[in-house]
Amino acid sequence: MHRKVLVLNSGSSSVKYRLFDLDVERVLVSGVIERIGESSVGPPDGNGEESFADHRQAIAEVMRKLRESGELLDSNELYAIGHRVVHGGEIFRSAVIVDDAVIEAIRAAFPLAPLQNPPNLLGIEVCRELWPGVPQVAVFDTAFHLSMPPHAYRYALPDTFYRDHGIRRYGFHGTSFAYVAKRAAAYLGRPLESCNFIALHLGNGASAVAIKRGRSVDTSMGMTPLAGLIMGTRCGDIDPGVLLYLINSGICSTADLDWLLSRNSGLKGLVGANDMREILRLAAAGDGDACLAVEMYCYAIKKYIGGYLAILGNIDALIFTAGIGEHAAPIRYKVCSGLEPCGIAIDIRKNAVDPNETAELQAVHSRTKILIVPTDEELEIAREAAAVMDARVAGFNG
Ligand code: ADP
């Protein structure tokens, strides 16, 4: 029987799903259920969209759609359901089969990811309830970064804040980084454990990672996904004194600040738009705000590349991934230009491509390879879920 794995990304108002046949690594069905928890205004609207009262209804609908597709007639055909979980705290270094203790640990990490972990866990609990016979596997965005050493993950605060409150750098986008690092190593024909990379995940959220011998040793996001690079709607690194000033001077309440930092800063704050395509169009037309935003965006990335080069010494590849990393040639060019003394030289013609597979962008004289590696977080979740199950099956048989 083929190993069919369903990947679920259960968010606060949507559930994204993708069914894989992992034996041939093929996507059988994918989709998204949106508008969960929105009050239904009568029948489905003109777009044929329905709203769902809660996650239970939404996930039951996922199963109905899978059955309707003919690709999964019975939930018992599933090898596993892989769930994206944003925060695994300091506990989860890899994917795990869900049991009661895992559920409690995900719940304990709620304060660290109050917007993401609760709906992620809800997805797991609903699946356990609806299909008790199907193994559920949790795959954590933070897991890849648990290899960071204390000097990279600790903040210079009194010890108690770390010991008693878990305040430290965790980092995110770990599933994406794990995927692109493995893929880049395979592309280079090298064991991952021998590779040093700097990888840039540039989507709506954005982060950089320093990978030493295949493992994360530092990353730009922090305890929360607000830190580091400039993002679509988040400002990235900022003097914490600014936040105190805004609160103490009455300019912002904490609720205002929450909104400002998560939703109304970054590219959106600078330009009024957070879609990089639009920003590049505006910049090309000479819009001053857009030009400044592009300059700031690339400058912030460059500073991280410089820092990570200092940490790693030498790298085998600089990796670009996610929407902007994969498709925004002017951003890649601007990030790399000026890095020639560091051994990173981009070829303007190669950079003009918009590939949907791994591609090399470096100039012939570049010491370091520059790669586009399209990310696939869902496939990584499916692979990790299947690997955990394979190990369990091997354990039973051994
Ligand atoms: P998410 O973090 O939501 O998964 P994506 O990885 O899809 O985001 O990246 C979204 C970003 O990628 C948006 O800013 C979008 O403008 C940008 N993007 C996608 N295609 C292009 C393109 N051809 N040129 C420039 N930017 C692009």
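Along the sequence shown, residues carry numbers from 1. Read the numbers this way: they start at 1 and go in the same order the structure lists the ligands and their atoms.
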query: L280 to ligand 1: N or O pair under 3.5 Å?
result: no
- prompt: Quick one: does NZ or CZ of R183 land under 6.0 Å from the six-membered ring centre of Y187, within 45 degrees of the ring axis?
  reply: no
message: How far is atom 24 (N) of ligand 1 from the closest protein heavy atom, and which atom is that?
response: R277 CG, 3.4 Å
query: Among protein heavy atoms, which sits nearest to atom 23 (N) of ligand 1, and what does the distance come to when rounded to 0.1 Å?
result: H327 CB, 3.4 Å
query: N117 side chain to H87 main-chain N or O, any donor-acceptor pair under 3.5 Å?
result: yes
message: Keeping S366 on the side-chain end and K369 on the backbone end, is there a donor-acceptor pair under 3.5 Å?
response: no
- request: May I ask you to check if ligand 1 and G323 share an N or O to N or O distance below 3.5 Å?
  value: yes
statement: In ligand 1, the atoms that come under 4.0 Å of a heavy atom of N274 are 14 (O)
message: Would the distance check show the side chain of S265 and the main-chain N or O of L260 forming a donor-acceptor pair, the cut-off being under 3.5 Å?
response: yes
query: So which protein heavy atom does atom 1 (P) of ligand 1 come closest to, and at what separation?
result: N204 N, 3.8 Å
- prompt: What is the closest protein heavy atom to atom 16 (O) of ligand 1, and at what distance does it sit?
  reply: D275 OD1, 2.5 Å
task: Look at the side chain of Q116 and the backbone N and O of V86, then say whether any donor-acceptor pair between them is shorter than 3.5 Å.
output: no
field: Geometric cation-pi criterion, R168 with Y153: 6.0 Å, 45°
entry: yes
query: Purely on distance, is any nitrogen or oxygen of H201 under 3.5 Å from one on ligand 1?
result: no
query: Given that the side chain starts at C-beta and the backbone is N, CA, C, O, which of these parts of L267 lies under 4.0 Å from ligand 1, counting heavy atoms, or is it both or neither?
result: neither
- request: For the residue pair H173 and F177, categorise the inter-ring angle as parallel (less than 30°), tilted (30 to 60°) or perpendicular (more than 60°).
  value: perpendicular
- request: Considering heavy atoms of the protein only, find what lies nearest to atom 14 (O) of ligand 1 and give residue, atom and distance to 0.1 Å.
  value: M276 N, 3.2 Å
- request: Return yes when at least one protein heavy atom is under 4.0 Å from atom 4 (O) of ligand 1, and no when none is.
  value: no
Atoms of ligand 1 close to G205 [distance to a heavy atom under 4.0 angstrom, numbered from 1]: 2 (O)
message: Can you report which non-hydrogen protein atom sits closest to atom 11 (C) of ligand 1, along with the distance?
response: I324 CG1, 3.7 Å
